[in-house]
Amino acid sequence: MASKGANNPAAKGKKKKEVKKETGLGLSYKKDENFGEWYSEVVVNGEMIEYYDISGCYILRPWAMSIWEVMQTFFDAEIKKMKIKNCYFPLFVSSSVLQKEKDHIEGFAPEVAWVTKSGDSELEMPIAIRPTSETVMYPYFSKWIRGHRDLPLRLNQWCNVVRWEFSNPTPFIRSREFLWQEGHTAFATKEEADTEVLDVLELYRRIYEEFLAVPVIKGKKSEHEKFAGGLYTTTVEAFVPNTGRGVQGATSHCLGQNFAKMFEINFENEKGEKSMVWQNSWAYTTRTIGVMIMVHGDDKGLVLPPKVASLQVVVIPVPYKDANTQGIFDACADVIKSLEEAGIRAEADYRDNYSPGWKYSHWEMKGVPLRIEIGPKDLANNQVRVVRRDNSAKSDIPMADLVKGVTDMLDSIQKSLFDAATQKRDACIHTVHTWEEFAEALGQKKMILAPWCDEEEVEKDVKTRTKGEMGAAKSLCTPFDQPALPEGTLCFASGKPAKKWTYWGRSY
Ligand code: 87F
């Protein structure tokens, strides 16, 4: 039983500013005034999420799930082109297998959820629920890989994982159960593994930039921030200007031979010698959706990029007392038919128990990229009125140009969203050279590009020196795209010679 507001901060008895219009819709919080409450309200009122009575668990409603499916369709087709195959491994892990790779699991142990009972009886041995599937899958990699002809082995699975997080849960961004794809691959050579790491990272960039219209920075995690079980971690990093926080968007790891050693994943090479495989793992999660909402949403609700919106165009009949209502409804149906035939996802809202004004607010809240209104005047002029969700711009499209006009506008919305988000993100990036500049920029919620000596002790020191209410700053990534680093440039934190430019900031 989900009591409204059980763990929905937006519903707690805090004073709400009444900005509700005559329609009764609208948000109580403004994005720039109270971002946290705004986000909670938007995900619920936009019908993406329903809160659940277990803290950190959320219901993904069809409106959210359809976005996940669009990305899934794209990504699944792309990895199949790369000869990666889908599979499904069990949800449960025995404790002996989970503990097998102690070093890797050690830091994560408190987050592992266990099943200890069935009915009233205690299980003989508790069984863990997968927080990730290295230990589930690699024993079978060891069994299936014998000779060089068994390589590469490239598997992916679409599934849920559970991590019993304790820090403040946020829909999509940090939840105790989430959906993801996890890719796990094994190669004969490091070169092949290295290539795949970057090929997959490029797909993640495309998901963010081409689908979600969210700019990301590709780069490498520091030794301190990388996946401890691996050799190196690459990432696409997004940024949420309102909170001044970086977000790890997705990761692609080269695991090197650490897991191969532990799980004895060996093969006989062409020369008949025993060698160890090189492995990768990579994942993106439903967090992608949260980042998209945080970046594009506004005071009217969600703003969905057309490429991921399950409904790209909503058509609203605007009947008038004495006007030809049937004619208007027929025109709506014709518009839907033409748009659908052109592959545009469109629907009409014919409901007679809501006014057109109510429907406008409703579909704005849900972030539908384009609204078409058809009233008596439009009918008479053989045109439709089109309203963009991203900038509220209104225009008329002659019926004869409908499909071209709508297609161009959807493309333009997709591009505008990306451009606006990029501009806003770039305005938050500050380049600094000294600790004073760094501290000031951090106080202004910036994403900070700084020359760094690349020493782990110095990164730990940055964390210690920035501890506070808002959380410490850490390195986000070392961008692949490195600005010039003139001889003699010093590390912003240690004053030692700098080795690279690295992004820093608070993060999710
Ligand atoms: C929580 C509990 C137990 C993260 C955990 O990034 C284990 C883990 O291994 C854990 N949280 N991780 C790291 C996951 C690494 C890696 N797994 C495959 C990925 C991509 C997909």
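Atoms within each ligand, like the ligands themselves, are counted from 1 in listed order. Atom set for the values below is all heavy atoms of this structure, side chains included, hydrogens, waters and symmetry mates excluded. Quick note: residue numbers are just sequence positions, from 1. Predicted model only: the values in this text are computed from it and were never measured.
When each of W68, F178, W180 is checked for a ring-ring contact (aromatic ring centres under 6.0 Å, His included) with Y284, only W68 meets the rule. Here the rule is ring-ring contact (aromatic ring centres under 6.0 Å, His included) with H433, and of F438, W501, F492 only W501 fits it. Considering K218, K220, K221 in turn, K221 is the only one that fulfils the salt bridge (Lys or Arg N to Asp or Glu O under 4.0 Å) rule with E237.
With hydrogens left out, the protein atom closest to atom 9 (O) of ligand 1 is H104 NE2, 2.7 Å, a heavy atom. The protein non-hydrogen atom at the shortest distance from atom 21 (C) of ligand 1 is A283 CB, 3.6 Å. At the top of the distance list for atom 18 (C) of ligand 1, counting protein heavy atoms only, stands E134 OE2, 3.2 Å.
With salt bridges taken as basic N to acidic carboxylate O contacts below 4.0 Å, one links K463 and E225.
In summary, the atoms of ligand 1 found under 4.0 Å from a heavy atom of F227, numbered by their order in the structure, are 9 (O), 13 (C), 15 (C). Of all atoms in ligand 1, listed by their number and element, those nearer than 4.0 Å to a heavy atom of P131 are 1 (C), 2 (C), 3 (C), 7 (C). Of all atoms in ligand 1, numbered sequentially from 1 with element shown, those under 4.0 Å from a heavy atom of T251 are 6 (O). Listed by atom number, the atoms of ligand 1 under 4.0 Å from E111 heavy atoms are 1 (C).
The heavy atom nearest to atom 19 (C) of ligand 1, out of those in E165, Q248, H253, Q181, is found in H253. Looking at K226, H184, R130, R163 and measuring to atom 14 (C) of ligand 1, the nearest heavy atom belongs to R163.
Heavy-atom contacts from other residues, nucleotides or ligands closer than 6.0 Å to CD of Q423 number 12 or fewer.
At a 4.0 Å heavy-atom cut-off, ligand 1 touches F108 through backbone and side chain alike.
In this structure, W282 and F75 have perpendicular ring planes: the angle between them is above 60°, well past the 30° mark.
In this structure a side-chain-to-backbone donor-acceptor pair under 3.5 Å is missing from S142 to Y138.
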